[in-house]
Structures are given as C-alpha cells and as structure tokens.
There are 2 protein chains.
Amino acid sequence: MSSAHGARARARIEVTAAIKEEASRQLAAEGAAKLSLRAVARELGMASSAIYRYFPSRDDLLTDLIIDAYNSLGEAAEAVQHTATDPVRRWVTVCEAVRGWALAHPHEYALIYGSPVPGYTAPQTTVPPASRVGLVLIGIVRDAVKGRGVTFPPLAAELRPEAERLAADIAPDLPPQVAAALVAAWAQLFGLVGFELFGQFNRVVEDREPFFRHAVGQLARGVGLR
Amino acid sequence: MSSAHGARARARIEVTAAIKEEASRQLAAEGAAKLSLRAVARELGMASSAIYRYFPSRDDLLTDLIIDAYNSLGEAAEAVQHTATDPVRRWVTVCEAVRGWALAHPHEYALIYGSPVPGYTAPQTTVPPASRVGLVLIGIVRDAVKGRGVTFPPLAAELRPEAERLAADIAPDLPPQVAAALVAAWAQLFGLVGFELFGQFNRVVEDREPFFRHAVGQLARGVGLR
DNA sequence: TCCAAAGCAAGAGCACCGCTCTCTTTTTTG
DNA sequence: CAAAAAAGAGAGCGGTGCTCTTGCTTTGGA
C-alpha cells in the first residue's frame, strides 16, 4: 500500500513534493516549454532516471502542475466572491481577481489557457479544478437571479435549444438566456486577460486596469446583472 | 545585392520558399513545438546545418510563419468584409470568418494567439500583419458611424482619458466610447474563438456555430452597432 | 580574363532533451 | 529470515538547436 506506513512511504511523499516544487519553480521562471525533467533532477541532486519512479513522463508532471494552477486560480476567485453584495460589483471583483492572478503567474496562466501543450490532451482529472472559476461566476449570477437583480438578456431563436441544453447541464436553476450569456461572458473574460498578458494590448491599451474594470462591468450587464 | 541577378540569387529565393513551405507543413501537421529544423532539412534532403544559411535560428523561421499566419487570417477577414451592408451583419460575418480560419488552421492560430513561444518576443515586423483583423473591425464601425448606424455605448468616467488616448492612436475619427468598446470586443472575440479551439467548450457548448453567431452579435451591439 | 572574395553545402561535434534498461542497494512484508 | 517490492544510479538511444571547420562554386572587380 502507498499509505503513510513506513518511512519509505513518507519519503516518497516528500520527494514527490520536492519534485513538484522544483518543477513549479522552473515553470514560473522559464515557462512550460523549458521545464526539463533532467534539470529538475539535477537541482534535486538525483539521477534523471530516478524522476521516472515518481512521474511516468514529463506530461504527467505537467498535468499535476496544470491541476495546481487551476486550483490556485480557482482559490483566488473563490476568495473574493463574497467581498461585495451588489451583483455587478461581485462580478467585477472576481474578474479582477482572475486578472490579478494571471498577471502574477503568467506562465501558469499560459499553461492552462494558452495553446494546449503539443500533442497533450488533458485528462478528466483536470475538469473539476478547471471549473472552479466558472462555478464562482455561476454562483454570482444565481444569487442575483434569486434577488431579482437580473434582467434577462435577449436570445436568438436559433439558439433556444442549445441554450436550454446548456442551462440544464451547467446550471439547471438559471434561465436559458442567462446561462448562454454567462458562458459567452466567461469566454470573453479570458479573451481580455489573455490579450493583455500575451502582449496584444501593447501600444493599444495603456491604462489597463480601468479599461479591464469597465470591460468586465459591461460583460456583467451583458449577462443581465445590474 | 540580393536582387534577382544571378542564378544564385534565384536559387536562394527558391530554397527559402521550400524551407518555409516544408516548415508550414510541419506546423500545420504537428504544431509549433514539434517543428524541427533538422526534420525540415531531412525532408528537403539537405544537411541540417545548411538551413542556417537561410534562417539564423528556429525563432526566425517561426517569426516568418507567424507573419504568414497573421496575413492569412487578415486576408480571410478582409475577403468577407464587404459581403453585407448592415453593420451588425458585416461584423458577424467577419467574426465568423475569423472563427472559420481558426478552426481550419488550429496550429497556426495557436501560434499567433496561444501562449507566445517561451522566451520569444515578436519583432516589430509582425505588427502590421497582426493589425489587419483589427483594422477590418475598425473599418466596419467607422462606416457605421458615418451612416449613423451607431448608438454610443456608455463609458465610465475613470476611463475617459484612456479612451481618448486610445481613439487618437488607433482610430482618430471614432468617438472615444466607441473606440474603447471596440478594443474590448476585439479581445473578447478571440476569447470566444480560443475557448472553442482549445477545448474549453467541451461538454459545455455543443452547437457552437449558432452560439458563436449570437455571442458576436451581442458583441456588435456592445460596440454600438445596430 | 583571371583571381580573390563572398556564398553555400556538408560533416563533425557540443550540450542538451525525454525516456529505457540494467544493475545494485535498501526497505518492506509474508 | 528470506523473498519480494521499491528506489537509486549509470549507461545508452535517438532526438534537438546550433557552431565550427573544410571544401566547393558562383560572383564581381582589376
């Protein structure tokens, strides 16, 4: 068993943690593409082949880091979700937390929202951590709907079936129009963050904080919040 | 001189083109990270070291491919920008062209709008090609403003100075409110496309075409188009 | 016209990478 | 206490970007 029985089991946990720690350091410093198992091993003073006792491949290590990144971002969003009561303010606050986390952890952000690492497809285990930010946004809108703080956004007729299916899937208690608008706003939020982070706003947007605040405020109104 | 004088100069152009062609093939097939100079050379039947006579480094080759990708996407957008007269329809059509290009060229899209290749910073030469889609969107809004087809969107007071600076920079003939909303919508468009392309919509949005059409339609209204 | 200069191809080589296999040592377990 | 399982180390394979040296060919000026 891999329980915390012997000293060996404890050592395994420690070494695994040390590997992830060093890998995380390299990820933050140089980015995912320059993360090398050999360099991690070197830094830890072990043979490069020994790493493979803990992570079967580089991709498995990356998967762990991806999950950590999703959880770290999710926590950042969850931590501020109740610091306001007004729906729009709550929405904007959470969006700002997402942006703040992204600016503080650019390589981690690129790892999870940039181009998927080549040939790499994320396993199912990443799905729950990846959903946390979305769930926070859903929660805000849900509370607003309960408190009558939502004007239903318009919905094209052709989108009706998809909106109903989507609402049933992710938030059964939300009106289809709101659910559809929410998903769109969710994607658009990461468009704003990504453009700033990846340099697309260079020489275009200078004073980025108020710009972002205003844009996500409009996003909130697009979902129906007020 | 590097003019088309001798047979040597002509050969250089041909070899350069052949390298880019093969590299483009590999990029489309496997993605940027698996593009290897050695593999390109192998495929072309030349020594790997010979490539360096044409491209000083792998990054220089990638820069060329980035420019090509921007231009290809820009052309796709420009090609459809006049197929409608109604401002909202024009906007949606161009957005659909962007999405269509992205779905048809996922690796090229990832190259230019995914995480920037680590350590790599795009040189100034990429700026004009990178601007083409934005210019198309600006053109649509400009025409709409002239034709009185625009309701000015709201603008937070704190954003006023940035909006004026931004408008002066990218579209002096556009009202600041419109210019600011336009830039935000521009970024949000790529959020929608990226989320679909990079799998974030898996198990969330099923019927993606109407969803996208509706979302970018709302985007157009956010800019003031109607 | 001839000859030096410049351009180009090729091969060997360096330092790195992910990953595998084998061998030895250590710890756990029946 | 012995057998089995786990872990570490080292060598090695095939791959990468990139450099350097060595010849060969085209080019342009005296």
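Just so we're on the same page: letters track the sequence lines, and every chain starts at 1. Note that the coordinates shown come from a computational prediction; the quantities given were computed from them, not determined experimentally.
- A salt bridge links B/Glu162 to B/Arg165: one of the charged nitrogens lies within less than 4.0 Å of a carboxylate oxygen.
- B/Lys34 has its NZ atom 14 Å from the P atom of C/dG18, to the nearest Å.
- The listed nucleotides are D/dA9, C/dG18, D/dC18; the one nearest the side chain of A/Met46 is D/dA9.
- For the pair B/Ser36 and D/dG17, the criterion of a side-chain N or O lying under 4.0 Å from OP1 or OP2 is met.
- Distance, B/Leu44 CG to C/dA10 C1': 15 Å, rounded to whole Å.
- In this model, a side-chain donor or acceptor of A/Arg53 finds a partner on the base of D/dG8 within 3.5 Å.
- Between B/Gln26 atom CD and D/dG15 atom P there is a gap of 14 Å when expressed in whole angstrom units.
- Across all strands, A/Tyr54 comes closer than 4.0 Å only to sugar-phosphate atoms, never to a base (heavy-atom distances).
- Nucleotide C/dC8 holds its C1' atom 12 Å from the CD1 atom of B/Ile19, rounded to whole Å.
- Ring pair B/Tyr113/B/Tyr109 is tilted by interplanar angle, where 30° to 60° counts as tilted.
- Side-chain proximity of A/Arg42 to the nucleotides C/dC16, C/dA9, D/dC18 is greatest for C/dC16.
- With rounding to whole Å, A/Arg12 atom CZ is found 16 Å from D/dA5 atom P.
- When the side-chain nitrogen and oxygen atoms of B/Arg58 are compared with OP1 and OP2 of D/dT16, none of them lie within a distance under 4.0 Å.
- Checking C/dG18, C/dC21, C/dC8 against the side-chain heavy atoms of A/Ser49 singles out C/dC21 as nearest.
- Taking atom CG of residue B/Leu37 and atom C1' of nucleotide C/dA10, one finds them 16 Å apart after rounding to whole Å.
- The side chain of B/Arg38 lies closest to C/dG13 when the candidates are C/dG13, D/dA9, D/dT27.
- Whole-Å rounding puts the B/Tyr52 OH to C/dC14 C1' distance at 13 Å.
- For the pair A/Ile51 CD1 and D/dA7 C1', the interatomic distance rounds to 13 Å; values are reported in whole Å.
- The shortest heavy-atom contact between B/Ala187 and A/Leu192 is CB-CD2, 3.9 Å.
- Put simply, the residue from A/Leu182, A/Ile140, A/Leu137, A/Val183 that forms a side-chain contact (heavy atoms from CB on, under 4.5 Å) with A/Val223 is A/Leu182.
- Here CD of B/Glu43 is found 4.5 Å from CD of B/Glu22. Values are rounded to the nearest 0.5 Å.
- Counting non-hydrogen atoms under 4.0 angstrom, A/Leu35 reaches the backbone sugars and phosphates but no base.
- Closest contact between the side chain of B/Arg8 and the listed nucleotides C/dC19, D/dG17, C/dC8 involves C/dC8.
- Minimum atom distance to the side chain of A/Ala39 is reached by C/dC17, of the listed D/dA9, C/dC17, D/dG17.
- Across D/dC18, C/dC17, D/dG8, the shortest atom-to-atom separation from the side chain of A/Val15 is found for D/dG8.
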